[in-house]
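Take a look at the structure set out below.
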Amino acid sequence: MNLPDMHTAEPIPESARTEIDRLLQTGDLFRYTAASDAPVSLLEAEFAQRMGSKYALAVSSCSAALFLSLKALDLPRAARVLIPGFTFAAVPSSVVHADCVPVLCEVKDNYRIDLDDFSQKLKSGISAVIISHMRGHTSDMDAIMTLCDAADVPVIEDAAHSLGTIWRGRIIGTLGKIGCFSFQSYKMINAGEGGILITDDADLVARTIIMSGAYEHNWKKHPVLLGAFARHQNKLPLYNLRLNNLSAALIRPQLDELPRRVRDGRRNHDYVAARLNQSNYIEVPDPLEGEERAPDSIQFNLVDIDDTAIAKFVEAADAAGVKVQVFGQSTDNARAFWNWQFIKDLPELPQTRAMLMRACDVRLPVRLKWHELDAVTEVLLSSIDRATKIPKSEVA
Ligand SMILES: *Cc1c(COP(=O)(O)O)cnc(C)c1O
């Protein structure tokens, strides 16, 4: 069987070369050297325009964007920040980095936030919320925004892995006060590293811009109301989390590729999901009504099968060339909350734990072709068969 390479990304568009050559020749790599139109500034303008947001700030990673977002909210030390119990370790890490305390809520077996637990915990003195659209799965954002608006609690969207997802006609990342995205290689747009935040709030973005390292008068190169900058000049620490021009030159030509990548990713995902769902042992959760996904991986739950059979399944798939990660079945998965041992008094989340012990993660790069998708699917289906077959000796 011809299995595709599941890890390499798409080539960077050829058009990036001219700009990268120019930057190499001029050595103009720092975003604030040019008087205007630096690649990072152009990226911010283009990204904000595409998302329909007023402002964007490009930074060194999505983790940096999350950290700056929390800092910009000017929360008191040890403020409680509500986050989902199923997310990447970068999210609780950004909370800890901002001198706040992460409060974890339960997640259901469809990978969405448990709204009963969320609304309960929202009443426990929460100062801010980070919603992580984990692996592109969107929780009920209407319900979440209604609850948070009523409680007057600001929402930061971690849309690191959700660029291109639509929620009831609105772009994910534009629903909360700030939306954060990643350009790390495993995300929809690949610059190796990088991130960006978007918001409509001039004061918030001014604070993030200064703290990201727009020291002295460099903030004048950002199109934000000057009054907002004047208020914060010299009053905020500088964390130097800027993006460099080379990264922006890698990202900008990929913005035009995004609609195709999203379309292909969704097509691939839905094709594989329909085939996997034919197995009695596999369940791919449906999207919520009004959610248009932008996946580059697939998650599914193993049902009616014990840990021994799960291990056999992973082993069989691996031997056949498809890497399956069961979030909870390794000692170091960064998406299993019990591995976030840097959190003091780490809580137990029985429902989320049960989900993580059964939930599988398989990369599904958007560039895969039909025959490659078939090959991956067949490995998964034959591995589950092998893992669940009762050995002949045990058949009466
Ligand atoms: C990748 C990812 C991050 C972190 O992004 P970086 O740019 O690597 O810091 C945060 N949250 C989620 C859900 C992610 O998938």
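When a ligand or atom number is given, it counts from 1 through the structure's own listing order.
Here the protein heavy atom with the shortest distance to atom 5 (O) of ligand 1 is Cys62 CB, 3.3 Å. Of all protein heavy atoms, the one lying nearest to atom 1 (C) of ligand 1 is Lys187 NZ, 1.4 Å. Protein heavy atom nearest atom 7 (O) of ligand 1, with residue, atom name and distance: Ser182 OG, 2.7 Å.
Annotation: Ser132 places no N or O atom under 3.5 Å from an N or O atom of ligand 1; distance criterion only. The shortest N/O to N/O separation between Ser63 and ligand 1 falls below 3.5 Å. The N/O atoms of Phe88, backbone and side chain alike, include none that comes under 3.5 Å of an N/O atom in ligand 1. Between Asp158 and ligand 1, at least one N/O pair is under 3.5 Å apart.
Residue-level proximity to ligand 1 for Ala160 is carried by the side chain, the only part with a heavy atom below 4.0 angstrom.
Taking the side chain as every heavy atom from C-beta outward, Cys180 and Cys62 approach each other to under 4.5 Å. Side-chain contact between Val272 and Val376 is absent, with no heavy-atom pair separated by less than 4.5 Å.
Contact atoms of ligand 1 toward Ser61: 7 (O), 9 (O) (distance under 4.0 Å to a heavy atom of the residue). Every atom of ligand 1 with a heavy atom of Gly194 under 4.0 Å away is listed here by number and element: 7 (O).
Just one residue in the list Thr138, Asn110, Asp142 forms a side chain to side chain contact (heavy atoms under 4.5 Å, CB included) with Leu288, and that residue is Asn110. Applying the side-chain hydrogen bond (donor to acceptor under 3.5 Å, both in side chains) test between Arg358 and each of Asp109, Asp307, Asn301 identifies Asp307 as the sole match.
Across all their heavy atoms, Gln299 and His137 have their closest contact at OE1-NE2, 2.8 Å.
Taking the six-membered ring wherever Trp is involved, the centroid distance between the rings of Tyr32 and His222 falls below 6.0 Å.
In this structure, Glu348 places its CD atom where more than 12 heavy-atom neighbours from other residues, nucleotides or ligands lie under 6.0 Å away.
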